[in-house]
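Remember, predicted model here, so these are calculated numbers, not experimental data.
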Amino acid sequence: MIHMPDNFASEVPKLGFGLMRLPRKGLLIDDEQVSEMVDLFMDAGFTYFDTAFVYPGSEAAIKKALVDRYPRDSYTLCTKLNASLMGATEKSTRQQLETSLQRTGAGYFDYYLLHALMENNYHKYDRFKLWDFIKEQKDAGLIKRFGFSFHASPDLLEKLLNEHPEVDFVQLQINYADWENPSVASRANYEVARRHGKPITVMEPVKGGTLANPPQEVKNLFKAHHPDMSCASWAIRFVASLEGIVTVLSGMSNIEQMMDNLSYMKDFKPLDEDEQKIIQQAQRILGHSSTIACTGCGYCLKGCPMQINIPGIFKAMNKQLGNGLAQEASESYFKAAPECHRASNCIGCRSCERSCPQHLEIIKNLEKAWKMFE
């Protein structure tokens, strides 16, 4: 039997507030709405907040909405250190911790992650000696627990956990749609972490919102069983029902999403046997879905020389591929892809594919987009 470290699972409620997709007014984060969302979250008894050095404006926003307004011992805060930034050096990467402390004003971090380890970047964390750096900061009291977030193969996860058994937890992408997806390997990575006895925090349980609005056949399946439950609730409850899960992060973007999540997670009930069978039917349906498994994380955008809005284009495509909304899809495409930044402007450099945590065939799908819409 696998046991978690003392008190780890019991101290963290099952729902975490992911701060990657905060509400905005134009280009600026809507601080007022974020504060209201924080209040609702805390009032419901939830305490886990997850941000990152590379989430634009997020660390500063949570200072205003949370750190400046609540006692430090009433919440737990997680942020991340990213070694994959363009031009990153050992010195600049280590500086991220101090910058994150300044931005948040938190004094220390309850949880700290080496961010988004993949096949093409994990060696940087070794080269910059960041594993040793994080352990030193834990000894110094600036970090209570540390781990890493992960977007790669079970073989690499096995390697990292063998080499770094000292990590306190891992953050994995797990959702019912990717449970058997060989590119994401949710189940296989989950099982590796369990074998190593590592507590798991979960990102992308709703695939960047994709599972909140799945293909119509999946919607019909869920609504027939629970007419009043959102599609997102099925996705989050699926993950929260797994053994060994510390908390499930939901990247909530508005008060409505917050209220929906709280409605079924405040008094969380694991999926029962009938509900598990419904999820399995949904997985079979999605196994034959032509939609693109983009989560909208935006990592592909940073290195694109043509400034193509790849997530926006894929979101438009999925309106047609998943729900048959051809006119709405076309309108969304031209809104997301202004002239000179359309799918047909792609030069095929593959910078986007090297950065994609989902390992999508982005170039191939952009070609489909311009044939579909242009």
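- The backbone N or O of A116 lies less than 3.5 Å from a partner atom in the side chain of S149, making a donor-acceptor pair.
- Remark: the E275 side chain and the H226 side chain contain an N/O donor-acceptor pair separated by less than 3.5 Å.
- Judged purely by atom type and a 3.5 angstrom limit, R24 uses its side chain to pair as donor or acceptor with the backbone of L27.
- A salt bridge links R187 with E180: the distance from a Lys NZ or Arg NE/NH1/NH2 to an Asp or Glu carboxylate oxygen falls below 4.0 Å.
- Aromatic pair F41/F46: ring centres closer than 6.0 Å.
- Between D267 and K269 there is a salt bridge, with a side-chain nitrogen of the basic residue lying less than 4.0 Å from a carboxylate oxygen of the acidic one.
- Y70 and Y75 have their aromatic ring centers separated by at least 6.0 angstrom.
- A cation-pi geometry, defined here as NZ or CZ lying under 6.0 Å from the six-membered ring centre and within 45° of its normal, holds between R72 and Y108.
- A donor-acceptor pair under 3.5 Å is absent between the side-chain atoms of D178 and the main chain of I174, judged by distance alone.
- Using the six-membered ring where Trp is involved, H164 and W131 have ring planes that are parallel, under 30° apart on the 30 and 60° scheme.
- For the pair Q96 (side chain) and N82 (backbone), a donor-acceptor distance under 3.5 Å is present.
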Q327 vs E331, test: side-chain hydrogen bond (donor to acceptor under 3.5 Å, both in side chains). Steps then yes/no.
CA-CA 6 Å; Q327 182 60 37; E331 292 172 359; 3.0 Å; yes
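- Counting only distance, with no hydrogens or angles, the side chain of N365 and the backbone of E361 share a donor-acceptor pair below 3.5 Å.
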Show your reasoning for whether side-chain hydrogen bond (donor to acceptor under 3.5 Å, both in side chains) applies to N261 and S250.
CA-CA 8 Å; N261 283 343; S250 178; 2.8 Å; yes
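- By the 30° and 60° cut-offs, the orientation of the rings of Y111 relative to F169 is perpendicular.
- Under the 6.0 Å distance and 45° angle rule, R103 counts as a cation-pi partner of F53.
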